[in-house]
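A short worksheet on the structure shown next.
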2 protein chains.
Amino acid sequence: MAGTRLDPIDRKILAELQADGRMTNVELAKRVGISAPPCLRRVRTLEEQGYIKGYHADVDARELGFEVQVYAMVGLASQAEADLSAFEEKCRHWPLVRECHMLNGEVDFILKCVAPDLSGFQKFLTGQLLTTANVASVKTSLVIRGAKDEPGVPFDILEERLSTLP
Amino acid sequence: MAGTRLDPIDRKILAELQADGRMTNVELAKRVGISAPPCLRRVRTLEEQGYIKGYHADVDARELGFEVQVYAMVGLASQAEADLSAFEEKCRHWPLVRECHMLNGEVDFILKCVAPDLSGFQKFLTGQLLTTANVASVKTSLVIRGAKDEPGVPFDILEERLSTLP
DNA sequence: AGTGAAAGTACAGCTGA
DNA sequence: TCAGCTGTACTTTCACT
C-alpha cells in the first residue's frame, strides 16, 4: 500500500482529477500523455488502493440556503480514549458538523459547522453540542467571509520535493 | 440567480453529485427519476448558475506524503480592509494554505494548512507566515487525527426545512 | 481494434400559467 | 396561447474487453 509508490503519470492523474473530477477518461489520458485504456486502468488502481477516496461536486452552500459557517473549538472534561471516541462518534451523527479534527494544544477538537442561519446554529449549539456529556468548553467563531477554499493537496509542492530527493 | 429557486429534482441532483461526482448521467437520471437528456440539461444549468462550483477527486493526503495538517489562527495588527485583503491575497499564493477564512472574535483568520512533515511546516511558518507584514500573532494547532471530513452541505437538513416552510 | 454504452443534439408532445 | 420542461430518436463520443 504505502510501498506502492506512484510514478509521475499517476501523480499527474491525481492532480488532474483533483482539479476536475468529472473529466472524461480520454481527456485525462490526453493530458497525462498516454492512451485511454491504460489511463483508465491506472485510475481504477488508484481508486482501489485508496489514493482516490471519492469524487464530489462542490456545491455552493450559501446559494442552497446555508448562510452560516462556524468554527467551534471544543474542550472535553476527560481526554481518555473512550471519551474522545465517544465525542467523535457524536460528531459523525450531527449533520451540521461537516468536519471534526482532534488537535493538540489548548482545545481538544475543532469542528467546522454549517447552518441555514444564526438561530439554526444557536439551536444546535445550545440544544446539542453544549448538552453533550463530557463537553467542558465551546468557543465559536463565525466565518465572516471566505478567502480561499482549495480541496486536497498542492501537487506542485509534491513534485518539487520529489525532484530534490529521489 | 438567487431568485431561480430549485425544485426537488434539482436538489436531488445536487445531493447525488455531492455524494458521487463521477456518476454517469444515465445513472444520475435514473436516481432522480427523469430521463437522461433533461437530467443533463439540469446539470449544465446548475453549473452555469453556480450551484455547482466544480468537481474534485478526494485524494488521500497522507498517502501522498502530506503527513501534517495544521490549523493556524492569525491575528493582524491592522484590520483595515486594504490590510485584510492584502493578507488574503498572500494566502491565495501560498500552496500549503488550503483554506483561509476570516472570523469574528479574537483571531482574524483561520488557516488550514498541509505540509509534508513538521519541519516543512515550521519552515513555512517562520519563513513565510510570521515574516509577513501586518501579522501580529499566530497560534498553531496540529491535527492529531481526523474524525470526520464530509464535503459540502447536509441535504437532509435542507429538505427538512423546505418541508416545514413552503 | 471493436463492441456496447453513454453523452450530447434535434425535434415533437405535454403541462401549467 | 405561450413558455418551459419532458421524452423519443438519432449521431457522436467514450468506456471497456
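In the text below, chain A, chain B and the rest are named by the order of the sequence lines, each starting its count at 1. Here the structure is a predicted model, which is why all the values come from computation and not from measurement.
- For B/Leu40, the side-chain atoms get nearest to C/dA7 when compared with the rest of D/dA15, D/dG7, C/dA7.
- The listed nucleotides are D/dA15, C/dA7, D/dT6; the one nearest the side chain of A/Val26 is D/dA15.
- Atom pair B/Arg22:CZ and C/dA6:P shows a separation of 15 Å (rounding to whole Å applied).
- Evaluated for a side-chain contact (heavy atoms from CB on, under 4.5 Å) with B/Leu14, the options B/Val43, B/Leu158, B/Ile9, B/Leu6 yield exactly one hit, B/Leu6.
- Rounded to an integer number of Å, the gap from B/Ile34 CD1 to D/dG7 C1' is 10 Å.
- Taking the charged nitrogens against the carboxylate oxygens, B/Arg22 and A/Glu47 have no contact shorter than 4.0 Å, which rules out a salt bridge.
- Mapping B/Arg41 and B/Met23 onto DNA chain C by nearest heavy atom places B/Met23 closer to the 5' end of the strand.
- Rounded to an integer number of Å, the gap from A/Asn25 CG to D/dA15 C1' is 7 Å.
- Looking at the side chain of B/Pro38, the nearest of the listed nucleotides D/dC16, D/dA15, D/dG7 is D/dG7.
- Closest to the side chain of B/Ser35, out of D/dG7, D/dA15, C/dG8, is D/dG7.
- Using bins of under 30°, 30° to 60° and over 60° for the plane-to-plane angle, the ring pair B/Phe87/B/Trp94 lands in the perpendicular bin.
- Following rounding to the nearest Å, B/Ile9 (CD1) and D/dC5 (C1') show an atom-to-atom distance of 10 Å.
- A donor-acceptor pair under 3.5 Å is formed between the side chain of B/Asn134 and the backbone N or O of B/Ser78.
- Between B/Arg42 and the phosphate of D/dC5, there is no side-chain N or O to OP1/OP2 separation shorter than 4.0 Å.
- Mapped onto DNA chain D by nearest heavy atom, A/Pro37 and A/Glu27 fall at different nucleotides, with A/Glu27 at the one closer to the 5' end.
- Following rounding to the nearest Å, B/Arg44 (CZ) and D/dG4 (P) show an atom-to-atom distance of 21 Å.
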